[in-house]
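These notes concern the structure reproduced below.
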Amino acid sequence: MSILSHHHHHQAATIRHRHNHHNRRHDHRVYCAVTTQITTRPKPEPLVIKTTPLLTPPRADDPSLKSTWSHRAWVASGCGTVLASLASTVIGSYDSHIWLEPVLSGFIGYLFADLGSGVYHWGIDNYGDASTPVFGSQIDAFQGHHKWPWTITKRQFANNLHALARVITYTVLPIDLVFHDQPVVMGFVGMAGGCIMFSQQFHAWAHGTKSKLPAAVVALQEAGVLVSRSQHGAHHQQPYNNNYCIVSGVWNRFLDENKVFEALEMVLYFKLGLRPRSWSEPNSDWTEEVEESPGTYLP
Amino acid sequence: MASLAKALLLLLPSVLQSNRQPPHVNVVSFESNFLHGQNLSLSSSSSSSVTCLTKTSSLIICGKVNKGSVPPSFTLKDQDGKNVSLSKFKGKPVVVYFYPADETPGCTKQACAFRDSYEKFKKAGAQVVGISGDDAASHKAFAKKYRLPFTLLSDEGNKVRKEWGVPSDLFGTLPGRQTYVLDKNGVVQLIYNNQFQPEKHIDETLKLLQTL
């Protein structure tokens, strides 16, 4: 895997691309009238638009990378709901004397999680910004990640996973309560929820170096069970428009070869006037800064 | 519903590899445009015209352009705001390529590919014209940014696109990417359609131009 080169910084005028997503949202477009984006593009905004929370990479001992008790609580609750699903599926399968269906549904849940991670990642990477409702902080975090990808390896476990754990708690808990006696459903939900929750850990491992990762993790990456370091490294290269899936990465080749995200981007552009970030030259907020210590993508 | 089911089936990879010729023109374009492109001049449609309903519900006949036919003439504004008619290009082969929009990745790749091979087109005695629904100002900026040496025309309202019967992609959400090669008499000799492999339009059109 090649070491990414240091990118030049773009003019402030390119920052307006991020804000155009909001400005264009109220354009009323019908399909026949192909967009006249260029004529309605707002004038370039002044140099100081807004300050991003972090202008320099967080140091390894930065408190923002450490786990708090709140983080740990959310991870615990997320794990609790996932384990409850998995326990329900095991008990239900035993009681019903079935095994193939729950195993299959679990496998489908694992595949679904990979696809879901890709779609979500694509959305967050390309649309919105820090001020977007609900997703703003995530979008900001992803932007920071693209600028300083190695910091994910410095995050403590609960700090890394707590946001996803919270989402999983909210979604899986009600499903557990309603479908607890259906092992096939529980198998799917348990695997999908678990893989989604732990996708950030898989993601962090994909940024690790072979020599520092546990042997079992390396083996799973090389077997294609977890997303590999090289595959995810390809996502961190311009124009940052491929290899979005971060659970196993099994969907990446299909999605990229069949230009699925490219098609979705075109549809969103023509229907809603939203221009994805990957279509523009990456600005300084996105282009990666070289890590002080080497070897982010060394196999 | 049947055509929707058919289109969904065509999403399966094994089916996408096939050379089936579905009867409905929209399904043909979905299968062909999405991945592999299709030379539509080889699979001629049986009907040469399609009835269309306008917004006011009056019936007009839209001519669908086929290989061997003479397409309806048009006069559109170019990137400098000047009126340009199709008849201006008679006497020489002309490549008319319809593309979705300026400043989108596929269209940029396509325009740059035409630009990079422009000498070959000139050597074959052919002219190149790009048409999209963007206005003259957009075309001017696009042509300037990428140093495009050929004409871009504004088909505002996509009138000409509809008259020529350029099929849409993805259930009508995307304007199709279709290229026509007209010989020096203005007769269509090739129709090539491919939404997601824009550079192939250059290869296919050059291949045909060598034979004209």
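To find a chain, count down the sequence lines: A is the first, B the second, and so on, and within it residues start at 1.
Separating the OG1 atom in B:Thr104 from the CE atom in A:Met266 is a distance of 4.5 Å, to the nearest 0.5 Å.
Screening residues 233-242 of chain A for salt bridge (Lys or Arg N to Asp or Glu O under 4.0 Å), with sequence neighbours left out, gives no hits.
Counting non-hydrogen atoms of other residues, nucleotides and ligands closer than 6.0 Å to NZ of B:Lys120 gives a total of 12 or fewer. Summarising the local packing, CZ of B:Phe89 is surrounded by more than 12 heavy atoms from other residues, nucleotides or ligands at distances under 6.0 Å. Residue A:Trp251 places its CH2 atom among 12 or fewer non-hydrogen atoms of other residues, nucleotides or ligands, all under 6.0 Å distant.
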For side chain to side chain contact (heavy atoms under 4.5 Å, CB included), just list the numbers for B:Leu174 and A:Phe270, CA-CA rounded to whole Å, side-chain angles, deciding distance to a tenth of an Å, and then say yes or no.
CA-CA 7 Å; B:Leu174 290 189; A:Phe270 281 102; 3.6 Å; yes

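The two residues B:Glu103 and A:Trp279 have their closest heavy-atom pair at O-CE3, 4.1 Å.
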